[in-house]
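Report on one structure; see the data block that follows.
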Amino acid sequence: KNEVEQSPQNLTAQEGEFITINCSYSVGISALHWLQQHPGGGIVSLFMLSSGKKKHGRLIATINIQEKHSSLHITASHPRDSAVYICAVGPTGNQFYFGTGTSLTVIP
Amino acid sequence: DVKVTQSSRYLVKRTGEKVFLECVQDMDHENMFWYRQDPGLGLRLIYFSYDVKMKEKGDIPEGYSVSREKKERFSLILESASTNQTSMYLCASGPGQGYEQFFGPGTRLTVL
């Protein structure tokens, strides 16, 4: 069962390119989260959103509740953006469901 | 800043050994979680706890147990480690339902 689907699984971009990562989910949610995991393991939360759009620096996250879809955009990508980006949704209770992640490599 | 720490970054154990992975958070969070992460499978929930001495099974609890004797500490126990438990183990904590989770740095466990 895949409550959360991400695409693409792998993405390679040239420095400066505009990047989009997509997330679709099939469960009712209280919030959707975008997480970033650098090589070495640590995961940090980038965004938590339940409607509309949020922006932080070069990162933009949007969500369409009716279509059960979210996108993470990175403008003017940089090699330090290379990481795995994970979409997670928090339905009822305390459990979260995670996508399998999108591995992004930005080439100088 | 919230801090979640895990007892080891890397661990190598032999098949059949009892393994303890410890997680400590310093933000008085009610909820704590143990996940394992494997290539192509993403994060999978092993157990979670919403209060001291309370625990709930996640999606893949077989072969694992947990202990939460104090609010800040959540331990994952592999009673008899097996090679298929070689994985990255991530602990997380959170203040309540629907709120974000804060992750520890992870423990990469290899069972030989």
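Please read these numbers as outputs of a predicted model, since none were measured by experiment. Below, chain A is the first sequence line, B the second, and so on; all start at residue 1.
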Is there a side-chain contact (heavy atoms from CB on, under 4.5 Å) between A:Phe96 and B:Tyr35 once you walk through the steps?
-> CA-CA 11 Å; A:Phe96 284 76; B:Tyr35 298 94; 4.2 Å; yes

Should [X] and [Y] be regarded as members of a common hydrophobic cluster, given that ILVMFWY residues are connected when their side-chain heavy atoms come within less than 4.5 Å of each other, either directly or indirectly?
X: B:Leu11; Y: B:Met88; value: no
X: B:Trp34; Y: B:Ile60; value: yes
X: A:Tyr97; Y: A:Tyr85; value: yes
X: A:Val27; Y: A:Trp34; value: yes
X: B:Phe102; Y: B:Leu21; value: no

Residue-level interface, residues 74-84 of chain A with chain B, non-hydrogen cut-off under 4.5 Å =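 Within residues 74-84 of chain A, no residue comes under 4.5 Å from chain B.
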
Nearest heavy atoms of B:Leu41 and A:Thr100, plus distance in Å |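 Answer, listing the atom of B:Leu41 first, then A:Thr100: C-CG2, 3.9 Å.
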
Looking only at non-hydrogen atoms, find the nearest pair between A:Leu35 and B:Phe103 and report the distance.
->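 Scanning both residues completely, I find the closest heavy atoms to be CD1-CE1, 4.1 Å.
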
Passes side-chain contact (heavy atoms from CB on, under 4.5 Å), A:Gln37 versus B:Gln37? Steps please.
-> CA-CA 12 Å; A:Gln37 184 176 30; B:Gln37 185 181 34; 2.7 Å; yes

Under 4.5 Å heavy-atom distance to chain A, tell me which part of B:Arg44 shows up: side chain, backbone, both or neither.
->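 Neither; nothing under 4.5 Å.
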
What do you reckon, is CZ of A:Arg58 surrounded by more than 12 foreign heavy atoms closer than 6.0 Å?
->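 Check passes, neighbour count above 12.
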
Verify the neighbour count for atom CD of A:Gln9: are there more than 12 heavy atoms of other residues, nucleotides or ligands below 6.0 Å?
->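 Atom CD in A:Gln9 is not packed in, count stays at 12 or less.
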
Evaluate the side-chain proximity of A:Ile86 to B:Leu43: yes if any heavy-atom separation is below 4.5 Å, no if none is.
->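 Result yes, sub-4.5 Å side-chain heavy-atom pair found.
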
